[in-house]
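Read through the structure below, which is laid out as structure tokens, and then see the notes.
Every chain is numbered from 1, with letters handed out A, B, ... down the list of sequences.
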Amino acid sequence: MSTLPFRLATWNVNSLKVRLPHLQQWLASASIDALGLQETKTVDADFPGAELTALGLEGGWYGQKTYNGVALLARSPVTDIVRGIPGYADEQTRVIAGTVRGVRVIDCYVPNGQAIDSDKYTYKLAWLSALRDYLASELERHPQLAVIGDFNIAPDDRDVHDPKAWEGQVLTSAAERAALASLCQMGLEDVFRRFEQPEKSYSWWDYRAMAFRRKAGLRIDLILASPALAARCTGCTVDVEPRRWERPSDHAPVVASFDLAAD
DNA sequence: ATGGCTAACATGGTTAGA
């Protein structure tokens, strides 16, 4: 049976307006078939659709003023686009889903949570519960499902540069990790860990205190795959190169490769 | 050292990120 490669990426760009040149430069060499963005921070009317069309991308976006904002883009048609979590009232634009080459892709920007004692943390956990219910139903409908994005949860202490300093903090707390684990218990797999990876593999580094230079980061940007899709995964890497560029996003893109059936 | 830096909105200083 013949297969075709499918390279799927997620990138929190921290303002698409500022990072459009970075995206253009990265796409020129990264050979990406589909891409989920987070923190576009732009209303849909201002979304740079023409610039992305010029890069050979199409798809959908779901943004708001100042905060949040997601986009799902691909080199082939993106169909059945759904914005937000159906049935969950949320003023924040954090999810967009679509189907690309037979793969259902759900792009998420999970709430940060700010601090354990914050209302935003309560919102984060409630939001993750709504996401879990949504994904349970999507798993039933779509054997080939990818859930990608900025999860704002480091799955394990391996994914934290200083586990002691981060212990019990937002992004590593037990309740957040349990919420992520419950997604994995439904069959979604963090494909990054299917493969041998370098020590200190992270996807986010604080802008402050030379965190990137010190390799003081967290791995919070993930690509989860359903069993049938995970079985087709041939690799997953963090591309740290754009984090070295001038005026970078604080997140690096993560890329997973799949061999899809070519029927 | 509880700061450090960046972006949006606004046009000085606040909010938010993680």
Problem - Asp159(A) and Arg193(A) ion-paired at < 4.0 Å - result: yes

Handout entry: Inter-nucleotide C1' distance (dG13(B), dA1(B)), Å rounded
Key = 24 Å

Exercise for the section: For Tyr109(A), report the nucleic acid contact type (base, sugar-phosphate, nothing); a contact means any heavy atom under 4.0 Å. Expected result: sugar-phosphate

Exercise for the section: Indicate, with a heavy-atom threshold strictly under 4.0 Å, whether Asn68(A) touches base, sugar-phosphate, or nothing. Expected result: nothing

Handout entry: Sugar-phosphate only, base, or nothing, as touched by Asp150(A) at under 4.0 Å among non-hydrogen atoms
Key = sugar-phosphate

Practice task
Select base, sugar-phosphate, or nothing to describe what Asn112(A) touches, counting heavy atoms under 4.0 Å on all strands.
Solution key: base

Problem - side-chain hydrogen bond (donor to acceptor under 3.5 Å, both in side chains) assessment of Asp90(A) paired with Tyr123(A) - result: CA-CA 10 Å; Asp90(A) 189 358; Tyr123(A) 165 66; 3.0 Å; yes

Problem - Given DNA chain B, 5'-ward residue of the pair Arg208(A) and Gly113(A), judged by closest heavy atom - result: Arg208(A)

Exercise for the section: Could you check if a side-chain atom of Arg141(A) sits within less than 4.5 angstrom of a side-chain atom of Glu138(A), using non-hydrogen atoms only? Expected result: yes

Problem - Residue list, ring pair (Phe, Tyr, Trp, His ring centres under 6.0 Å) with Phe212(A), at least two apart or on another chain - result: Trp205(A)

Problem - 5' priority, DNA chain B, between Pro248(A) and Leu218(A) [closest heavy atom] - result: Pro248(A)

Handout entry: Nearest-angstrom distance, C1' atom, dA18(B) to dG4(B)
Key = 14 Å

Exercise for the section: Report yes or no: do Leu73(A) and Val100(A) belong to one cluster of Ile/Leu/Val/Met/Phe/Trp/Tyr joined by side chain heavy-atom distances under 4.5 Å? Expected result: no

Problem - Distance between P atoms of dT6(B) and dA10(B) (Å, rounded) - result: 22 Å

Exercise for the section: Provide the distance between the two C1' atoms, one in dG12(B) and one in dA7(B), to the nearest whole Å. Expected result: 15 Å

Problem - Span that lies between the C1' atom of dG3(B) and that of dG17(B), in whole angstrom - result: 16 Å

Practice task
Quick one: label Gln169(A) by what it contacts on the DNA or RNA (base, sugar-phosphate, nothing), any heavy atom closer than 4.0 Å.
Solution key: nothing

Exercise for the section: Considering only heavy atoms of chain A and a distance under 4.0 Å, specify the first and last nucleotide of DNA chain B in 5' to 3' order that meet this criterion. Expected result: dG4(B) to dA18(B)

Problem - Of all pairs that satisfy side-chain hydrogen bond (donor to acceptor under 3.5 Å, both in side chains), the ones with a partner from residues 71-85 of chain A, not counting sequence neighbours - result: none

Practice task
Taking the side chain as every heavy atom from C-beta outward, state whether Trp26(A) and Asp239(A) have any pair of such atoms under 4.5 Å apart.
Solution key: yes

